[in-house]
Number of protein chains: 2
Amino acid sequence: MSADPTLRREIPDATVARLPEYLRTLTMLAEAGVASVSSEELAASVGVRSAQLRKDLSHLGSYGVRGVGYEVETLALEITRALGLTQDWPVAIVGMGNLGHALASYSGFVTKGFHIVALFDDDPALIGEQVGDVTIRPSWDIEGCARELGIAIGVIATPAPAAQTVCDALVKSGVHAILNFAPSVLTVPAGVEVRRVDLSTELQILAFHAQRRVGLPSPAVVQR
Amino acid sequence: MSADPTLRREIPDATVARLPEYLRTLTMLAEAGVASVSSEELAASVGVRSAQLRKDLSHLGSYGVRGVGYEVETLALEITRALGLTQDWPVAIVGMGNLGHALASYSGFVTKGFHIVALFDDDPALIGEQVGDVTIRPSWDIEGCARELGIAIGVIATPAPAAQTVCDALVKSGVHAILNFAPSVLTVPAGVEVRRVDLSTELQILAFHAQRRVGLPSPAVVQR
DNA sequence: AGACGTTTGTGAAGCCATGCACAAAGCGAG
DNA sequence: CTCGCTTTGTGCATGGCTTCACAAACGTCT
Ligand SMILES: NC(=O)c1ccc[n+]([C@@H]2O[C@H](COP(=O)([O-])OP(=O)(O)OC[C@H]3O[C@@H](n4cnc5c(N)ncnc54)[C@H](O)[C@@H]3O)[C@@H](O)[C@H]2O)c1
Ligand SMILES: NC(=O)c1ccc[n+]([C@@H]2O[C@H](COP(=O)([O-])OP(=O)(O)OC[C@H]3O[C@@H](n4cnc5c(N)ncnc54)[C@H](O)[C@@H]3O)[C@@H](O)[C@H]2O)c1
C-alpha cells in the first residue's frame, strides 16, 4: 500500500555512476540492431560482473525476462528515465579558453540530452565570439541571464582562482549542478551538487600505478 | 622479519585517489609560506574529515608530530614520493583534435612532473604541426618511436572507434598506463592500468541529482 | 501438459572504506 | 622535571558496496 509506483527508490551513488555506461552500451547495441541482451553479455561489454549489473538494474525495477535477458530498447528507456534524461538539460559553460572551446564544440553532448545554451568569459577579446550557434557573453551577465535561460547545469572551465567566484554567481542564478574542471575545491550551499574532473589528478593516479610496476615481470601477453 | 622497511605498503585505491588533492593543497600552502598545518586545517581545505586525512597519511608512514601537526614541506615531499612523482613521466597524446590540442597546450601538467614528449594523429593535415615545442607525428609511428622516447603514460583523445586500435599500439610500445577520453571500454593485457574520463557520464550523473531536486525546498541559503 | 535448460532477481556473506573515540606522544609553561 | 594542553595515529564499530550462489520465473521442445 505504501508502495507508490512513481516513488523514486533510493539508488546508490555507485550504481548511478555506472548507469551512463550501461546506457551508452545499450544505445550502441540498439544501433547495431540487437534486440535483446543478457546480463552476462552486457556486463562483459561494459567491463563489470554480471551480478553487479543485475543488482544495479534491480534498483530501477524489474525489466528483465528470466531465461531470456533484457530487451535493449526497453532497458535503455528505463535507464534514461532513471537518470532524468527524458528531458533536455540546458547547460552553460563559463571560461572559454582552450578547454571551454573544446567542450563547446563537442558534439557528443547534444545526443545525450544536453544543450549548451550559454557561454561566458570575462575576456573582452572573447565576448561576442560565436561558437557553434551560441555567442560568448560577459561573465558579469551570469546572474542576469542564467536564470532567464533556465540553466540547470554549469560547467566551470576558468582558471582555479576564478572558480569560486563563478560558482557563486551560478548558484545565485539558481544552478544546482556544477561540473568543475578547475583544480580547486568549491564551497557551495547544501542542495548544490558539484563534480570535479581533474586531469592532473588522473595522471598522478596513473603515475602511482606505473611506479609500482617497476621490477614487475615485463609486459605480459596475458589477456584478462 | 618479513617487515622490510623499503617494502611499499599496500595503499588503498581510495587513498591514492585523494593523495593528489592533499598534495595540491600542500603545494598552495607552501607557496603561501605556511610551514606547518594540522590535520583539521588541511582536511577542511580539501573537503574531507580530519580522521580520514590522518588515516590516509598513516598509510604512507608517520610524518606528523603529535600536538603540533604536519610540516608542510615534509608532507608534500612524502606524498610526492608515494605517488612516484619524484621522477618525471614522459607522456604521449594520441588524437590531436579539439581536446588533444587543449591538453597539449595545458601548462598545468609540467609543474606536476608530466612532460608531453610526443603527439600523434592520423590526419595528414595535422601531421607536422607544431604544438608548443612538440611536433605532431603520424599515428602509425607510435610503435616506432614511443618505446624509443620512453613513453610511460598514453593519453587517448581520438574518436571512440579508433581508441582500441590506438590503445593496442601504445601497449605494444611498452606503455602501461593509459588515460582514455574516448567513450569506449578498452581491453588491455593484465598489468596495464586504464583510467577513463567521460564528460558525458559526469553530466548524466549531475542530471540524475538535478532531477531528484524537483519539488525540493528551493535553492536554500543554508551553508554546509 | 510437463520436463528441461537458461537467466533473472535477490538474500546472505565478505570486503572495503568511512567515522568515532581515545591512548600515546610531543611541546611549552611553570 | 612535571603538568597540562594539543594533536596524531589507530583499534573498533558502522555502513555501503561487491560478489556469491540459488530459488523463482520464463521459453521451448517434446
Ligand atoms: N586545457 C586543459 O587541457 C586542461 C587540463 C586540465 C585542467 N584544466 C583546467 O581547466 C581550466 C581551464 O583551462 P584552459 O586551458 O581552458 O585555460 P585558459 O587559460 O585557456 O582559459 C581560461 C579562460 O577563463 C577565462 N576566465 C578567467 N577568469 C574568468 C572569470 N572570472 N569569468 C569568466 N571567465 C574567466 C579566461 O578569460 C580564459 O578564456 C583551468 O582551471 C585549468 O586548470 C585544463
Ligand atoms: N571535445 C570535448 O570536449 C570532448 C568531450 C568529451 C569527450 N570527448 C571525447 O574525446 C575524444 C576526442 O574529442 P575531440 O573533440 O578532440 O574530437 P576531434 O574529432 O576534434 O579529434 C579527434 C582527433 O583524433 C584523430 N584521429 C582519429 N583517428 C585516429 C587514429 N586512429 N589515430 C590517431 N588519431 C586519430 C582525428 O584526426 C582528430 O584529429 C572523442 O572520443 C570524444 O568523444 C571530447
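Naming convention: chains lettered A, B, ... in sequence-line order (proteins, then strands); numbering from 1 in each chain.
For the pair B:Glu10 and A:Arg212, the salt-bridge criterion is met [side-chain N within less than 4.0 Å of a carboxylate O]. A salt bridge does not link B:Glu21 with B:Arg18: none of the charged nitrogens is closer than 4.0 Å to a carboxylate oxygen.
Among residues two or more places apart in sequence or in another chain, the salt bridge (charged side-chain N to carboxylate O under 4.0 Å, His left out) test is passed with A:Glu202 by B:Arg195.
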For nucleotides 24-29 of chain C, which of its nitrogen or oxygen atoms have a protein nitrogen or oxygen under 3.5 Å away, and what is each distance?
residue	atom	partner	partner atom	Å
C:dA24	N3	B:Arg66	NH1	2.8

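The nearest heavy atom of DNA chain D to B:Ser39 and to A:Thr15 marks one nucleotide each, and the one closer to the 5' end goes with B:Ser39. If you find the closest nucleotide of DNA chain D to A:Asp56 and to B:Val37, the one lying nearer the 5' end belongs to B:Val37.
Whole-Å rounding puts the A:Tyr70 OH to C:dT6 P distance at 18 Å. When the C1' atom of D:dT7 is taken as reference, atom CD of B:Glu41 falls 11 Å away, rounded to whole Å. Atom CD in B:Glu10 sits roughly 10 Å away from atom P in C:dC16 (whole-Å rounding). One atom, CZ of A:Arg49, and another, P of D:dA21, lie 12 Å apart when rounded to the nearest Å. Here D:dT19 presents its C1' atom at 14 Å from CG of A:Leu53, a figure rounded to the nearest Å. Atom CD in B:Gln52 sits about 20 Å away from atom P in D:dT7, given to the nearest Å. In this structure, A:Asp13 atom CG and C:dC16 atom P are separated by 21 Å, rounded to whole Å. Here the C1' atom of nucleotide D:dT8 and the CG atom of B:Leu60 are 14 Å apart, to the nearest Å.
Contact check for A:Ile93 versus A:Ile116: side-chain heavy atoms found under the 4.5 Å cut-off. Looking at B:Phe109 and A:Leu203, their side chains come closer than 4.5 Å, going by heavy atoms from C-beta outward. Side chains of A:Leu23 and A:Leu85 form a contact here, defined as non-hydrogen atoms less than 4.5 Å apart.
With hydrogens and angles ignored, no donor-acceptor pair under 3.5 angstrom links the side chain of A:Lys55 to the base of C:dG9. The base of D:dG9 is paired with the side chain of B:Arg54 by a donor and an acceptor separated by under 3.5 Å.
Proximity of A:Ser38 to the phosphate of C:dT7: no side-chain N or O atom is located under 4.0 Å from OP1 or OP2.
Under the 3.5 Å distance criterion, with hydrogens and angles disregarded, no donor-acceptor pair is assigned to the side chains of A:Arg147 and A:Ser173.
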